[in-house]
There are 2 protein chains.
Amino acid sequence: MKTGKDPTLHQRILRDIEGRIVSGEWAPGHRIPFEIDLAAQYGVSRMTVNKVLTQLAKAGLVERRKRSGSFVRQPQIQSAVLEIHDIRKEVEQLGQPYRFAVERRQVRKATGADMRRLDVTRDDRVLELLTIHRAGATPFCVEARLINLAVVPAAAEADFSAMSPGQWLIEQVPWTSAEHVVQAVSADAATAGLLDVERGCACLVIERRTWSPTGPVTHARFTYPGDRHTLVARFTPSS
Amino acid sequence: MKTGKDPTLHQRILRDIEGRIVSGEWAPGHRIPFEIDLAAQYGVSRMTVNKVLTQLAKAGLVERRKRSGSFVRQPQIQSAVLEIHDIRKEVEQLGQPYRFAVERRQVRKATGADMRRLDVTRDDRVLELLTIHRAGATPFCVEARLINLAVVPAAAEADFSAMSPGQWLIEQVPWTSAEHVVQAVSADAATAGLLDVERGCACLVIERRTWSPTGPVTHARFTYPGDRHTLVARFTPSS
DNA sequence: CAGTGGTCTAGACCACAGC
DNA sequence: CTGTGGTCTAGACCACTGA
């Protein structure tokens, strides 16, 4: 991330458009003005706008369609680090029926631990959720999530019976930056019970914190049985 | 990775230059011809080569210096997935003295298991290495590595007392593509002994396979005590 | 089939690092 | 200072595709 000054034309226009998308001013599906129009608006040549849009497309913020224009894409919370992390898709690609169940749901004031997890400073209200994702009957992953109600107040009343909290959030909060932490831990008694594994079993834990322009959105901790899940990534020199 | 046809000018020039770097024809430190010269050689405008070099710079293959030119960079085997994975650096950033020791070293014909690990088809000769990396006195990571001697014959006689096998390989093999697999496993007896942890302790295992244009180079399996190591990655929408 | 993005050009100016 | 990369322009042609 480069926050430094020295905004070239690219960068100014890029930040501007990125801002409109990220803030939700241009919602997913919104058609971005045509290159020619943008060029006129910003008073630059089309190639400059093209560079910006191409970059935004590479970053996954916009989708470009010939003949019809460029559109804001649905947010895709996933870095190259975790190319696969749509749990529903993961499960379905295994040929298993995907199910989830919210086991616990609680609204409360943020504790000190919550504040560390969520990167909040004041003691806002938070929503705590515990969700189990299953592939067929077998537990696939446990999701412990904290949602910052100061940023996403609607979460307090949301219905998570048809849509998982993660999915719901993606549709609610426009765009976010994220941080991932991956580690291996031994399952404690509670987790082992939920995942139906031996206590002490090695589990892969992926923690994700996300921020919207408004502030910290959510902290999610996914725990996978180590022997049932791997993270794969490939890369080539010039990508 | 896009291997499809339809080579635009960009892509053809990009692949060409990438090929020279990756094959070692242009070794690390080599000064790439100036943009104007490249433009003349390829019979294109300077902006086109600029685009290519900019892209190669973003990919980390070349470093651009104003006034002096563009240079081939030392290979940096790391995807965005594993932004940090120079063990020496990791340890030193902890403020600990870094040490390593090759515990086992053996040249042999590839077994069936080796062939799966290394992606070789014939039963070439391979070099098997077991290395322990330490932060001060405490074990930091166990590295089990297989090197394909058909691609890197010099490895058979290499001296791994001053330079770790991983470091040595980076300096030998020009550029590679790589695949990373991350998972959590319980330490078996042998690993537990080497890492000085309880048997069954959750460990983070990172496997990396790399290929050079010549063929599969190496397979390395790094095992970290789960409570002493995490993988972190951040990302923002437009990067 | 008209308009969009995709690409490329020839030329220009600038900042800046090394000579 | 001079030459390099960094950037930008005004204009052009093309392929594709959706109306």
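Sequence lines set the chain letters: A, B, ... in the order given, protein chains first and strands last, and positions in each chain run from 1. Predicted model, so just to flag it, every value in this text is computed and none were measured. Scope of the values below: all heavy atoms of this structure, side chains included, with no hydrogens, waters or symmetry mates.
- Listed by chain and residue number, A/W168 satisfy the ring pair (Phe, Tyr, Trp, His ring centres under 6.0 Å) test with A/F160 (two or more places apart in sequence, or in another chain).
- The backbone N or O of A/T214 lies less than 3.5 Å from a partner atom in the side chain of A/S212, making a donor-acceptor pair.
- One atom, CG of A/L9, and another, P of C/dC13, lie 17 Å apart when rounded to the nearest Å.
- Regarding B/I36, its CD1 atom lies at a distance of 14 Å from the C1' atom of C/dC13, rounded to whole Å.
- The CZ atom of B/R12 sits 16 Å away from the C1' atom of C/dG6 (whole-angstrom rounding).
- Sequence neighbours left out, not one pair with a member in residues 36-64 of chain A passes ring-ring contact (aromatic ring centres under 6.0 Å, His included).
- Partners of B/R67 by side chain to side chain contact (heavy atoms under 4.5 Å, CB included), not counting sequence neighbours: none found.
- Against DNA chain C, the stretch residues 61-68 of chain A makes heavy-atom approaches under 4.0 Å through A/R64, A/R65, A/K66, A/R67.
- For residues 37-49 of chain B, proximity to DNA chain D is found at B/R46, B/M47, defined as any non-hydrogen atom under 4.0 angstrom from a strand atom.
- Distance alone, capped at 3.5 Å, places no donor-acceptor pair between the A/S70 side chain and the A/E63 backbone.
- A donor-acceptor pair is defined here as one N or O able to donate and one able to accept, closer than 3.5 Å; such a pair exists between the side chain of B/T218 and the backbone of B/L146.
- The interatomic distance linking B/L14 (CG) with C/dC8 (P) rounds to 12 Å, in whole Å.
- Qualifying side-chain hydrogen bond (donor to acceptor under 3.5 Å, both in side chains) partners for B/E143, counting only residues two or more places apart in sequence or in other chains: B/H133, B/R145.
- One side chain, B/H229 or B/E90, offers a donor N or O that lies under 3.5 Å from an acceptor on the other.
- Atom CD of B/Q55 and atom P of C/dT7 are 10 Å apart (whole Å).
- Per the geometry, CG belonging to A/N50 stands 19 Å off P belonging to C/dG3, to the nearest Å.
- Between the CD atom of A/E35 and the C1' atom of D/dA10 there is a distance of 15 Å, given to the nearest Å.
- Side chain to side chain, A/H219 and A/R209 fail the donor-acceptor criterion of an N or O pair below 3.5 Å.
- Taking atom NZ on B/K51 and atom C1' on D/dT9, their separation rounds to 14 Å, with Å as the unit.
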